[in-house]
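Notes follow once the structure below has been shown.
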Amino acid sequence: MVTDQEGYIHLIEYLTKHLSLFENITSSQNITTSTIIETIEEELSCQIINVCQQNQELNFNERNTIIREVDSVLYDLEEVLAAVLNNKVTEEQTLFIKEFCNLIKSLFDEAITTSMNTM
């Protein structure tokens, strides 16, 4: 649905180009109480809930497909960010994670729109 699309590959490349954002954190940066993985899980969950709420016509199987895809996305993010997942997240990282999760949501929105138009 999403993880096998070219857009997803571009998003992972976008993430890898911004890995420096997750390295060399200084004490002058505003660090929150949440970890990077907690922030990713929260933001990704919120976006997928939005996808499902905005597409009430999705049936049970389609929603399950979305959940499986989100699990794959989360797994990929954990692989790329493995060394820093349990670090406290900075405000700058939080903004990046929110942007990234919004882009993931856009991929799901596009996939759902495309599948609805082909029915």
Side-chain angles (χ1 to χ4, degrees):
M1 174 181 230
V2 169
T3 56
D4 60 349
Q5 300 298 315
E6 188 175 331
Y8 182 71
I9 294 167
H10 290 298
L11 274 181
I12 296 300
E13 290 172 354
Y14 177 69
L15 173 62
T16 58
K17 287 179 185 174
H18 290 86
L19 283 179
S20 61
L21 180 65
F22 295 91
E23 301 167 353
N24 305 322
I25 304 304
T26 64
S27 60
S28 65
Q29 292 176 308
N30 291 330
I31 298 175
T32 67
T33 58
S34 298
T35 63
I36 291 171
I37 189 61
E38 289 169 342
T39 305
I40 291 170
E41 289 172 345
E42 182 179 328
E43 290 301 321
L44 196 52
S45 297
C46 287
Q47 293 306 322
I48 297 311
I49 288 169
N50 288 339
V51 166
C52 291
Q53 287 177 339
Q54 292 169 355
N55 296 282
Q56 296 286 321
E57 69 281 358
L58 293 172
N59 65 39
F60 180 78
N61 289 334
E62 292 166 330
R63 289 176 189 268
N64 277 342
T65 299
I66 290 170
I67 298 303
R68 283 192 304 275
E69 288 279 316
V70 171
D71 285 344
S72 293
V73 169
L74 188 56
Y75 177 80
D76 289 344
L77 293 175
E78 288 173 344
E79 287 290 309
V80 173
L81 298 170
V84 297
L85 283 178
N86 294 313
N87 293 352
K88 298 296 182 187
V89 68
T90 66
E91 289 180 11
E92 186 178 12
Q93 291 167 341
T94 300
L95 291 174
F96 178 83
I97 290 167
K98 286 181 180 191
E99 175 191 10
F100 189 84
C101 291
N102 280 326
L103 293 171
I104 293 290
K105 179 191 179 290
S106 294
L107 288 178
F108 279 101
D109 289 339
E110 181 181 338
I112 290 167
T113 300
T114 301
S115 71
M116 295 295 180
N117 289 336
T118 60
M119 293 180 158

ask   = Between N102 and Q47, is a side chain to side chain contact (heavy atoms under 4.5 Å, CB included) present by the stated rule, with each step listed?
value = CA-CA 7 Å; N102 280 326; Q47 293 306 322; 3.0 Å; yes

task = Report the C-alpha separation of N30 and T90 in whole Å, then their side-chain angles, then the decisive distance to 0.1 Å, and conclude whether the side chain to side chain contact (heavy atoms under 4.5 Å, CB included) test is met.
result = CA-CA 6 Å; N30 291 330; T90 66; over 6 Å; no

message = Working note: V80 + T16, criterion side chain to side chain contact (heavy atoms under 4.5 Å, CB included); need CA distance, chi angles, decisive distance, verdict.
response = CA-CA 8 Å; V80 173; T16 58; 4.2 Å; yes

query = Going through the distances and angles, do V70 and L44 end up as a side chain to side chain contact (heavy atoms under 4.5 Å, CB included)?
reply = CA-CA 8 Å; V70 171; L44 196 52; 3.9 Å; yes

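N59 and N61 make their closest contact through OD1-N, 3.0 Å (heavy atoms, listed as atom of the first residue, atom of the second, distance). Closest non-hydrogen pair, V2 versus A111, comes out as CG2-CB, 4.2 Å. Across all their heavy atoms, C101 and I40 have their closest contact at SG-O, 4.2 Å. The two residues L77 and L15 come nearest to each other via the heavy atoms CD2-CD2, 3.4 Å. Considering every non-hydrogen atom in both R63 and N55, the closest pair reads NH2-O, 3.5 Å. Taking each heavy atom of I36 and V84 in turn, the nearest pair found is CD1-O, 3.2 Å.
Within a 6.0 Å sphere centred on CD of E57, other residues, nucleotides and ligands contribute more than 12 heavy atoms. For Q5, the CD atom counts as densely surrounded, since its 6.0 Å shell holds more than 12 non-hydrogen atoms of other residues, nucleotides or ligands. When the shell of 6.0 Å around CD of E110 is examined, it contains 12 or fewer heavy atoms from other residues, nucleotides or ligands.
In this structure, the side chain of E42 does not engage the main chain of T39 through any donor-acceptor pair within 3.5 Å. Looking only at distances, a side-chain donor or acceptor of K88 sits under 3.5 Å from a matching main-chain atom of T33. Remark: the backbone N or O of L21 is paired with a side-chain donor or acceptor of Q93 at under 3.5 angstrom.
Linking Ile, Leu, Val, Met, Phe, Trp and Tyr residues whenever their side-chain heavy atoms come within less than 4.5 Å places I12 and L19 in a single cluster.
In this structure, E62 and T65 have side chains that are not in contact, with every pair of non-hydrogen atoms separated by 4.5 Å or more.
Taking CD1 of I97 as the reference point, atom CD1 of I104 lies at 12.5 Å (rounded to 0.5 Å). In this structure, D76 CG and T3 OG1 are separated by 7.5 Å, a value rounded to the nearest 0.5 Å. For the atom pair CG of N87 and CD of E23, the computed distance is 10.5 Å after rounding to the nearest 0.5 Å. Note that CZ of F108 is 6.5 Å distant from CD1 of I66, once rounded to the nearest 0.5 Å. Between the CG atom of L85 and the CD atom of E38 there is a distance of 10.5 Å, given to the nearest 0.5 Å. Separation of atoms CD1 (I67) and CD1 (I48) is listed at 7.0 Å; rounding is to 0.5 Å.
Residues K105 and Q54 bring a donor and an acceptor atom of their side chains to less than 3.5 Å of each other. A donor atom on one side chain and an acceptor atom on the other are not found under 3.5 Å apart for E69 and Y8.
Not less than 6.0 angstrom separates the ring centroid of H10 from the ring centroid of Y14.
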